[in-house]
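A quick note: this is a predicted structure, and the numbers were derived from the prediction, not measured.
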Amino acid sequence: MRASRQIFPNWFCILWLPLLLRAISCSPLPATELLPPAALPSGLSQGQTCVGCVLVVSVIEQLAQWHNSTVKAAMERLCNYIPEKLQGFCYVLAEVYGPHIAELIDREMNADVVCHSLKLCKQDPGQPLCHLYPPPKVGLSAAIWKAKKILKNSKDLKRTVGVPSLCAFPLLADLCERIKYVLRSKLPFEDFDGDKFSTFPTLRGYHWRGRDCDDKNTTVYPGRRPDNWDVKSDSNCNGIWGVDPKDGIPYEEKFCKGADSQGVVLLGDSAGAHFHIPPEWMTVTQMSAKSFANLPMAFTDELDWPQFSEITGFLNSTIGGWTDSLYLRLRRRNRCNHRDLQNISQNGGSSRNLLGLIKSLARNQLLDNPAIVIYATIGNDVCNGNRDTLAHMTTPKEMFSNVMQALRYLDSRLPNSSHVILTGLVDGRFLWDNLHNRYHPLGQLNRDVTYSQLYSFLNCLQVSPCSGWLTANETLRNLTSERAEQLSNVLKEIARTQKFSNFDVFYMDFPLKQTAEEWHKMGGEPWQLIEPVDGFHPSQIAAALGTGITWQKALHEWPQVLGKENPFNDQIEAIFKDQGGH
């Protein structure tokens, strides 16, 4: 796995706790050793720590400005905003670093200078000093030297070597262990019967897979064919069971027999998992305790929101826009498909690391219904944070090998009559073209941080989610898109030429252009289709619009994929309306 592809999950995980890089690993990579701040290794981890520090110090400075308070009061305000379980550690950090941050901010030193002086940002030999803000008039090096001189004899600063990790706190140790388990396995943490489905929402629970309706029985789970037509109990968790007293026919047989019941499975990346950082987490004019109420849920879902996503979303969006998904449309088409969903995605997912992720698929060829599988790694095969980014991109030959391995695995697991849709890579030039001169949420108060500055900062630290697209270098952006098109052509060719025993294969371009056109017709602006905080992922609006475009393509070109409409849907809802919750 190419670690640089995990950047946004990692550095936003430490957004409010800049020294906790490995404390609660938001990255899909398993955490290894939990290190104190002073012992952080160089390279990616140090770069992510630098980003976290600059963001947090910026927020503290802006809170003081917005509320016309002292820096110390601003830190206390921030700690009070975050959930109670995290407040203790926040206050420890404020106690250790607070006096130094306050003193330097009071001397009108910006976040870049503060974090370099605290040694949370470091300059590698032969590399430039990385900065988010324009350098001070005296120069960045001179300002850092002055700040270090101020802090040189600080006893408090030396104590930072002993700052414990977040996971050392008793109230959070269990949570850390749960998160690390989930990040390693990509399976639900709470799954008492081991069927890969859960009654718990986060930690890879039912936000990611259909909710289990009996977590003590391994033969009961979403997506299976009914056991004896579910006369006595609901074996497939679609809420349809029992016998019609009027004619003695089981409801499952009456309503679902021959109905082309099928599930939907996504094999994807952070876009498919629906990565999202609430902008109010760093916009001080909107910030309150309510802003951070969803912080524990977000962390335990890896900062992803699959319950609102384009393919497997099932809850009404609480993060803007609206929810529309392939799963919801399949459910409306055939109520028997209720709860049959699996979002097998990870932040940083690529054709390479999906080969491991795919093994968490829950499908039995003999017992379960067919499935529509969406294979969508739309960017990470060309995206990385390396300075020589082109050399680290997936080649067409590697792409072919990786995808064919995944399809062969699916052929050994999917029930007959399944379908696989390969989705092409996105043309990420859309990002720079529509965002580079706009203000990032962090820069809206003082109009001092654009996306161009953010991208440059991340590239300097080698922690950019996509050095090839998030850059002012137009030639590099074009070369990255050329490689993305080459890899999409590999997928097209696979769909055209390869045959499998248990499913047919289709290809579709990632519908960014059509999504932008549709949004324009609705009066929207292109930048609203991009996540505002990371400036990289599709927004909730883009996800919902993309669903409609994909659905229409399938209806017109592959009607066999969607199955027929169930004529009994209204009757099912009338009889089982109290059992239809997700």
Side-chain angles (χ1 to χ4, degrees), residues 8-9 11-20 24 26 51-95 97-98 101-102 105 111 132 166 169 171-172 175 201-202 207 274-305 307-308 315-323 438-449 454 528 531-535 537 539-541:
F8 271 103
W11 66 260
F12 275 117
C13 179
I14 56 170
L15 181 60
W16 304 115
L17 306 167
L19 307 180
L20 310 180
I24 299 182
C26 291
V51 173
C53 177
V54 170
L55 293 179
V56 173
V57 172
S58 298
V59 168
I60 291 170
E61 182 179 11
Q62 290 182 23
L63 278 172
Q65 176 187 347
W66 181 249
H67 293 281
N68 193 26
S69 72
T70 64
V71 175
K72 180 182 178 182
M75 285 186 275
E76 291 176 352
R77 184 185 299 273
L78 180 59
C79 287
N80 286 332
Y81 282 163
I82 67 175
E84 187 175 353
K85 279 191 174 182
L86 295 175
Q87 287 183 3
F89 197 86
C90 184
Y91 281 114
V92 169
L93 293 180
E95 179 71 21
Y97 286 97
I101 294 173
I105 290 177
L132 178 62
L166 180 63
F169 280 66
L171 289 175
L172 299 175
L175 177 61
T202 62
H207 282 172
H274 202 30
F275 185 83
H276 168 78
I277 302 294
E280 58 269 24
W281 286 6
M282 63 177 63
T283 308
V284 298
T285 57
Q286 304 173 19
M287 196 177 292
S288 66
K290 184 179 179 181
S291 306
F292 294 95
N294 55 16
L295 187 71
M297 182 188 73
F299 274 3
T300 51
D301 265 337
E302 303 161 48
L303 295 179
D304 297 318
W305 308 72
Q307 68 273 31
F308 308 140
L315 294 178
N316 292 329
S317 172
T318 60
I319 56 174
W322 65 97
T323 301
R438 296 190 62 82
Y439 289 108
H440 184 269
L442 199 64
Q444 289 174 4
L445 180 65
N446 296 311
R447 302 177 72 82
D448 56 356
V449 177
L454 175 66
Q528 294 170 314
E531 277 292 320
V533 171
D534 61 58
H537 292 92
S539 68
Q540 182 68 32
I541 293 171

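Interatomic distance, CD1 of Ile277 versus CG of Asp534, reported as 7.0 Å (0.5 Å rounding). Distance check, rounded to the nearest 0.5 Å: CG of Leu78 to CE of Met287 gives 6.5 Å. The distance from atom NE2 of His440 to atom CZ of Arg438, rounded to the nearest 0.5 Å, is 12.5 Å.
Judged by distance alone, with hydrogens and angles left aside, the side-chain atoms of Thr283 form no donor-acceptor pair with the main-chain N or O of Thr285 at under 3.5 Å.
With a 4.5 Å cut-off on side-chain heavy atoms, Glu531 and Phe275 do not count as touching. Between Glu95 and Val92, every side-chain heavy-atom pair lies at or beyond the 4.5 Å cut-off. Within the 4.5 Å cutoff, the side chain of Gln307 has no heavy atoms near those of the His274 side chain.
A search for side chain to side chain donor-acceptor pair (under 3.5 Å) contacts involving Gln528 returns Trp519, not counting sequence neighbours. Taking Pro296 as the reference, Pro83 meet the side-chain contact (heavy atoms from CB on, under 4.5 Å) condition, with sequence neighbours excluded. Under the rule for a side-chain contact (heavy atoms from CB on, under 4.5 Å), the partners of Ser317 that lie at least two apart in sequence or sit in another chain are Phe308, Ile319, Thr323, Gln540. By the side chain to side chain donor-acceptor pair (under 3.5 Å) test, Glu76 pairs with no residue at all, sequence neighbours left out. For the side-chain contact (heavy atoms from CB on, under 4.5 Å) test, residues two or more places apart in sequence or in another chain that qualify with Pro201 are Tyr206, His207. For Asn294, there are no side chain to side chain donor-acceptor pair (under 3.5 Å) partners two or more places apart in sequence or in a different chain.
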For residues 55-72, which side-chain N or O atoms pair as donor and acceptor with protein atoms under 3.5 Å away, sequence neighbours left out?
| from | atom 1 | to | atom 2 | distance (Å) |
| --- | --- | --- | --- | --- |
| Ser58 | OG | Val54 | O | 2.6 |
| Ser58 | OG | Tyr133 | OH | 2.6 |
| Gln62 | NE2 | Leu442 | O | 2.7 |
| Gln65 | OE1 | Asn446 | ND2 | 3.1 |
| Gln65 | NE2 | Asn446 | OD1 | 2.8 |
| Thr70 | OG1 | Ala73 | N | 3.0 |

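What you find for Cys79 and Tyr91 is that their closest heavy atoms are CB-CZ, 3.6 Å. Looking at every heavy atom in both residues, Ala102 comes nearest to Met75 through CB-CE, 4.5 Å.
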Verdict with supporting geometry, Trp322 and Ile541, side chain to side chain contact (heavy atoms under 4.5 Å, CB included): CA-CA 7 Å; Trp322 65 97; Ile541 293 171; 4.2 Å; yes
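The aromatic rings of Trp305 and His276 stand perpendicular to each other, their planes meeting at an angle above 60°, with 30° marking the opposite boundary.
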